[in-house]
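Contents: one structure, followed by commentary.
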Amino acid sequence: MSIKMRAAATDGVTTIKALISHPMETGTRKDKKTGEKIPAHFIQEVVCEHNGNAVMTAHWGAAISKNPYLSFRFSGGNVGDTVKLSWVDNKGNSDSAEESIK
Amino acid sequence: MAISAGLLTPRMVLAAWPKAAFEATNVDDAVKGLFGSSSLAGSEQIKIKAPDIAENGAVVPITITTDISGAESISVIAEKNAQPLAASFVLGAGTEGYVSTRIKMGKTASVIAVVKAGGKLYSTGKEVKVTIGGCGG
């Protein structure tokens, strides 16, 4: 699992683009070999913080595509500031990454 | 987490994942589960950028922008999915009315964007034709 993130500031607005490796299983797919349902496994919450403030809190269902992509913009970020992105899935797994604004 | 709510502004308190909304099987129940009301006002101040035809329903790029002032959240709903609510994005104080992501769509349907601002709900929709569904298989 990994998170790839870019944070770029232009004219006082920071654009975040993030790509998260995650299977995002809906729970309705069947394993082609065994015929058994693959259990649901998806990210439920993604939080992005800038200077300790949550600039984005995303709640997701299983309908977000595999290896999720997320982009959004916020004002107030400066070049060199750190932004932190973290996620939690329905099995309690989590990951986070930090990136400085360029 | 045992953090006194008084120390934090409401925006900073992580809301629990809205289970009932995500498990809802129709748009009305999904919106009610999120907001406690399903009364939506149509708005031209919300734009949805999505393909007219999605060849692969497993990956449908969706970008929603809104210039409604004081937008607090943007939610994405795929009308005909078994569980229509795909995502709800809660915006921070300085966060713009803009989100871009990729969703799965089971069949041809409207993608509905719901924006909460000033205690009211605004929405718009765009039809996406899905050639191969992305939820089963």
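Worth knowing before you read on, the calculation uses all heavy atoms, side chains too, and leaves out hydrogens, waters and symmetry mates. The chains referred to below are lettered A, B, ... by the order of the sequence lines, with proteins before strands, and numbering in each begins at 1.
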Hey, does the side chain of T101(B) reach the backbone of L70(A) with a donor-acceptor pair shorter than 3.5 angstrom? no
Using non-hydrogen atoms and a 4.5 Å limit, figure out which bit of L19(A) sits close to chain B: side chain, backbone, both or neither. side chain
Within the 4.5 Å heavy-atom criterion, are V90(B) and M56(A) side-chain neighbours or not? no
Is there a chain of hydrophobic side chains (I, L, V, M, F, W, Y, each step under 4.5 Å between heavy atoms) that links V55(A) to V13(A)? no
Can you hop from I77(B) to I68(B) via hydrophobic side chains spaced under 4.5 Å? yes
Just wondering, do P61(B) and Y69(A) contact through their side chains at under 4.5 Å, heavy atoms? no
Main chain of A58(B), side chain of S65(A): is a donor-acceptor contact present, judged purely on distance under 3.5 Å? yes
Working note: Y98(B) + F74(A), criterion side chain to side chain contact (heavy atoms under 4.5 Å, CB included); need CA distance, chi angles, decisive distance, verdict. CA-CA 9 Å; Y98(B) 164 88; F74(A) 66 92; over 6 Å; no
When A21(B), S88(B), G97(B) are compared by non-hydrogen pairs under 4.5 Å with chain A, the top option: S88(B)
Check A62(A) against K104(B) and note the closest heavy-atom contact, atom names and distance. O-NZ, 2.8 Å
Find the distance between OG1 (T15(A)) and CD (E96(B)) and round it off to the nearest 0.5 Å. 7.5 Å
Under a 4.5 Å heavy-atom cut-off, does chain B meet the side chain of V46(A), its backbone, both or neither? neither
Might you confirm whether atom NZ of K126(B) has over 12 heavy atoms from other residues, nucleotides or ligands at distances under 6.0 Å? yes
With a 4.5 angstrom heavy-atom cut-off, is it the side chain or the backbone of V76(B) that approaches chain A, or both, or neither? neither
Could you note down all residue pairs passing ring pair (Phe, Tyr, Trp, His ring centres under 6.0 Å) where residues 20-59 of chain B supplies at least one of them, sequence neighbours left out? W17(B)-F22(B)
Does I38(A) belong to the same Ile/Leu/Val/Met/Phe/Trp/Tyr cluster as M24(A), with side-chain heavy atoms less than 4.5 Å apart forming each link? no
Over 12 foreign heavy atoms within 6.0 Å of CD, E127(B): yes
Under 4.5 Å between side-chain heavy atoms, hopping through other hydrophobics if needed: is there a path connecting I48(B) to L85(B)? yes
Tell me if a side-chain donor or acceptor on R102(B) pairs with a main-chain N or O of K66(A) at a distance below 3.5 Å. no
Could you grab the distance from atom NZ of K19(B) to atom CD of Q44(A), nearest 0.5 Å is fine? 9.0 Å
In this structure, would V88(A) and V83(A) fall into the same cluster of hydrophobic residues linked by side-chain contacts under 4.5 Å? no
